[in-house]
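For reference, the structure discussed in these notes is given below.
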Amino acid sequence: MAVESRVTQEEIKKEPEKPIDREKTCPLLLRVFTTNNGRHHRMDEFSRGNVPSSELQIYTWMDATLKELTSLVKEVYSDARKKGTHFNFAIVYPDPKRQGYRVKEIGSTISGRKGSDDSMTLQSQRFQIGDYLDITITPPNRAPPPPGRMRPY
(Lines give C-alpha, C1' and ligand atoms only; values in the text may rest on other atoms or scores of the structure.)
Protein backbone atom coordinates (compact mmCIF):
# COMPACT_ATOMS: atom_id res chain seq x y z
CA MET A 1 0.00 0.00 0.00
CA ALA A 2 1.47 3.34 -1.07
CA VAL A 3 1.10 6.42 1.06
CA GLU A 4 1.10 9.84 -0.57
CA SER A 5 1.51 13.24 0.98
CA ARG A 6 -1.48 15.51 0.54
CA VAL A 7 0.42 18.68 1.45
CA THR A 8 0.00 21.35 -1.23
CA GLN A 9 2.37 24.17 -2.12
CA GLU A 10 -0.15 26.61 -0.59
CA GLU A 11 -0.02 24.78 2.75
CA ILE A 12 3.78 24.78 2.69
CA LYS A 13 3.80 28.54 2.11
CA LYS A 14 1.26 29.14 4.91
CA GLU A 15 3.22 27.15 7.50
CA PRO A 16 4.70 29.68 9.92
CA GLU A 17 8.47 29.77 9.85
CA LYS A 18 10.46 30.11 13.02
CA PRO A 19 12.52 33.29 12.84
CA ILE A 20 16.26 32.66 12.66
CA ASP A 21 18.57 34.84 14.72
CA ARG A 22 21.47 35.27 12.30
CA GLU A 23 23.66 36.60 15.11
CA LYS A 24 23.32 33.38 17.11
CA THR A 25 22.77 30.76 14.38
CA CYS A 26 25.67 29.33 12.44
CA PRO A 27 25.18 29.65 8.66
CA LEU A 28 25.06 26.61 6.41
CA LEU A 29 27.13 25.95 3.30
CA LEU A 30 24.85 26.17 0.27
CA ARG A 31 26.32 24.53 -2.82
CA VAL A 32 24.88 26.33 -5.84
CA PHE A 33 25.25 25.22 -9.46
CA THR A 34 24.42 27.63 -12.26
CA THR A 35 23.74 27.36 -15.97
CA ASN A 36 23.14 30.05 -18.56
CA ASN A 37 21.53 27.84 -21.21
CA GLY A 38 17.95 28.15 -19.91
CA ARG A 39 17.83 24.57 -18.52
CA HIS A 40 18.74 23.01 -15.20
CA HIS A 41 21.62 20.55 -15.01
CA ARG A 42 20.84 16.93 -15.87
CA MET A 43 20.52 14.67 -12.84
CA ASP A 44 23.25 12.35 -14.14
CA GLU A 45 25.69 15.25 -13.68
CA PHE A 46 25.22 14.76 -9.92
CA SER A 47 25.80 10.99 -9.92
CA ARG A 48 28.49 8.95 -8.17
CA GLY A 49 29.84 11.84 -6.13
CA ASN A 50 30.33 14.05 -9.18
CA VAL A 51 28.91 17.54 -9.45
CA PRO A 52 28.81 20.09 -12.29
CA SER A 53 31.85 22.34 -12.57
CA SER A 54 29.90 25.61 -12.20
CA GLU A 55 29.81 25.48 -8.40
CA LEU A 56 29.34 28.55 -6.26
CA GLN A 57 29.57 28.15 -2.47
CA ILE A 58 27.45 30.48 -0.35
CA TYR A 59 27.23 30.64 3.42
CA THR A 60 23.66 31.51 4.34
CA TRP A 61 20.72 30.58 6.57
CA MET A 62 17.54 28.58 6.05
CA ASP A 63 15.51 31.81 6.01
CA ALA A 64 17.40 33.12 2.96
CA THR A 65 14.97 34.35 0.32
CA LEU A 66 15.25 33.74 -3.41
CA LYS A 67 15.77 37.50 -3.89
CA GLU A 68 18.62 37.46 -1.38
CA LEU A 69 20.23 34.48 -3.15
CA THR A 70 19.75 36.26 -6.50
CA SER A 71 21.72 39.26 -5.24
CA LEU A 72 24.54 36.99 -3.99
CA VAL A 73 24.77 35.26 -7.39
CA LYS A 74 24.79 38.64 -9.15
CA GLU A 75 27.82 39.69 -7.07
CA VAL A 76 29.80 36.84 -8.66
CA TYR A 77 28.43 36.85 -12.22
CA SER A 78 28.53 40.35 -13.70
CA ASP A 79 26.49 39.28 -16.76
CA ALA A 80 23.62 38.36 -14.44
CA ARG A 81 23.31 41.97 -13.19
CA LYS A 82 21.42 43.17 -16.27
CA LYS A 83 17.88 44.27 -15.58
CA GLY A 84 15.41 41.63 -16.73
CA THR A 85 17.71 38.64 -16.22
CA HIS A 86 15.68 35.58 -15.13
CA PHE A 87 16.81 33.29 -12.31
CA ASN A 88 15.00 29.95 -12.06
CA PHE A 89 15.66 28.02 -8.82
CA ALA A 90 15.48 24.27 -8.19
CA ILE A 91 16.46 22.07 -5.26
CA VAL A 92 18.49 18.99 -6.16
CA TYR A 93 18.19 16.31 -3.50
CA PRO A 94 19.09 12.62 -3.09
CA ASP A 95 16.38 10.16 -4.07
CA PRO A 96 16.08 7.64 -1.21
CA LYS A 97 14.25 5.08 -3.39
CA ARG A 98 16.99 4.73 -5.98
CA GLN A 99 20.54 5.83 -6.43
CA GLY A 100 20.75 9.31 -7.86
CA TYR A 101 19.12 12.66 -7.42
CA ARG A 102 15.79 14.34 -8.07
CA VAL A 103 15.03 17.96 -8.87
CA LYS A 104 12.21 20.17 -7.59
CA GLU A 105 11.67 23.59 -9.13
CA ILE A 106 10.85 26.06 -6.40
CA GLY A 107 10.54 29.52 -7.96
CA SER A 108 12.05 32.30 -10.00
CA THR A 109 13.15 35.91 -9.73
CA ILE A 110 13.80 38.64 -12.28
CA SER A 111 16.64 41.10 -11.81
CA GLY A 112 15.31 44.63 -11.29
CA ARG A 113 11.66 43.58 -10.87
CA LYS A 114 9.53 42.53 -7.94
CA GLY A 115 7.96 39.09 -8.16
CA SER A 116 5.75 36.73 -6.20
CA ASP A 117 8.62 34.32 -5.46
CA ASP A 118 11.05 36.98 -4.16
CA SER A 119 10.24 36.35 -0.49
CA MET A 120 10.16 32.54 -0.76
CA THR A 121 12.71 30.96 1.61
CA LEU A 122 14.74 27.77 1.47
CA GLN A 123 13.01 26.63 4.66
CA SER A 124 9.53 27.13 3.19
CA GLN A 125 10.44 24.84 0.29
CA ARG A 126 11.66 22.02 2.53
CA PHE A 127 15.32 22.53 1.68
CA GLN A 128 17.52 20.29 3.83
CA ILE A 129 21.16 20.81 4.68
CA GLY A 130 23.13 18.77 2.16
CA ASP A 131 20.75 19.47 -0.76
CA TYR A 132 22.05 21.46 -3.72
CA LEU A 133 20.55 24.52 -5.38
CA ASP A 134 20.51 24.62 -9.18
CA ILE A 135 19.90 28.02 -10.79
CA THR A 136 19.36 28.76 -14.46
CA ILE A 137 20.40 32.29 -15.38
CA THR A 138 18.70 33.51 -18.54
CA PRO A 139 19.69 36.90 -20.03
CA PRO A 140 16.85 39.36 -20.72
CA ASN A 141 17.11 38.98 -24.49
CA ARG A 142 16.56 35.19 -24.26
CA ALA A 143 14.15 35.13 -21.32
CA PRO A 144 10.55 33.95 -21.60
CA PRO A 145 7.87 36.65 -21.33
CA PRO A 146 6.83 37.47 -17.77
CA PRO A 147 3.80 35.54 -16.49
CA GLY A 148 0.45 37.26 -16.54
CA ARG A 149 -1.86 38.65 -19.13
CA MET A 150 -0.36 40.87 -21.79
CA ARG A 151 -2.29 44.08 -22.31
CA PRO A 152 -3.01 45.12 -25.90
CA TYR A 153 -2.32 48.80 -25.21
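Predicted model only: the values in this text are computed from it and were never measured. In this chain, residues are counted from 1 in sequence order.
Contact record, Ile58 with Val32: CD1-CG2, 3.9 Å, taken as the closest heavy-atom pair. Smallest separation of non-hydrogen atoms from Thr85 and Pro140: OG1-CD, 3.4 Å. Contact record, Pro94 with Pro96: O-CD, 3.4 Å, taken as the closest heavy-atom pair. Residues Ile137 and Pro139 come closest through the heavy atom pair O-CD, 3.8 Å. Annotation for Thr34 and Ser54: closest pair O-OG, 2.7 Å, computed over non-hydrogen atoms.
In this structure, Leu133 is not a member of the same hydrophobic cluster as Val103, with clusters built from ILVMFWY side-chain heavy atoms closer than 4.5 Å. Both Val76 and Leu30 are assigned to one and the same hydrophobic cluster, defined by single-linkage of ILVMFWY side chains at heavy-atom distances under 4.5 Å. Connection of Ile129 to Met120 is established within a shared hydrophobic cluster, with ILVMFWY side chains joined at heavy-atom distances below 4.5 Å, either directly or through further cluster members. Residues Val73 and Met62 share a hydrophobic cluster, clusters being chains of Ile/Leu/Val/Met/Phe/Trp/Tyr side chains in contact below 4.5 Å. Using a 4.5 Å cut-off between side-chain heavy atoms of Ile, Leu, Val, Met, Phe, Trp and Tyr, with links allowed through other members, Leu56 and Leu28 fall into the same hydrophobic cluster.
Proximity of Ile135 to Asn88: side-chain heavy atoms (C-beta onward) are nowhere separated by under 4.5 Å. Within the 4.5 Å cutoff, the side chain of Leu69 has heavy atoms near those of the Leu122 side chain. Proximity of Ser119 to Leu66: side-chain heavy atoms (C-beta onward) are nowhere separated by under 4.5 Å.
Lys104 places no side-chain N or O within donor-acceptor distance of the main-chain N or O of Tyr93, the cut-off being under 3.5 Å. The main-chain N or O of Ile20 is never found under 3.5 Å from a side-chain atom of Trp61 such that the two would form a donor-acceptor pair. With hydrogens and angles disregarded, a donor-acceptor distance shorter than 3.5 Å links the side chain of Asp134 to the backbone of His41.
To the nearest 0.5 Å, atom CD of residue Glu105 and atom CG of residue Asp117 are 11.0 Å apart. Expressed to the nearest 0.5 Å, how far CZ of Phe89 lies from CZ of Phe127 amounts to 12.0 Å.
Contacts of Tyr59 classified as side chain to side chain contact (heavy atoms under 4.5 Å, CB included), with partners at least two apart in sequence or in another chain: Pro27, Leu29. For Tyr132, the ring pair (Phe, Tyr, Trp, His ring centres under 6.0 Å) partners two or more places apart in sequence, or in a different chain, are Phe33, Phe46, Tyr101. Remark: Arg42 engages Asp44, Glu45 in a side chain to side chain contact (heavy atoms under 4.5 Å, CB included) (not counting sequence neighbours).
Among residue pairs with one or both ends in residues 65-74, those qualifying as side chain to side chain donor-acceptor pair (under 3.5 Å) are Arg22-Glu68, Thr70-Thr109, Lys74-Ser111; sequence neighbours excluded. Residues in residues 49-61 take part in these salt bridge (Lys or Arg N to Asp or Glu O under 4.0 Å) pairs, two or more places apart or across chains: Arg31-Glu55. Screening residues 77-103 for salt bridge (Lys or Arg N to Asp or Glu O under 4.0 Å), with sequence neighbours left out, gives Asp95-Arg98.
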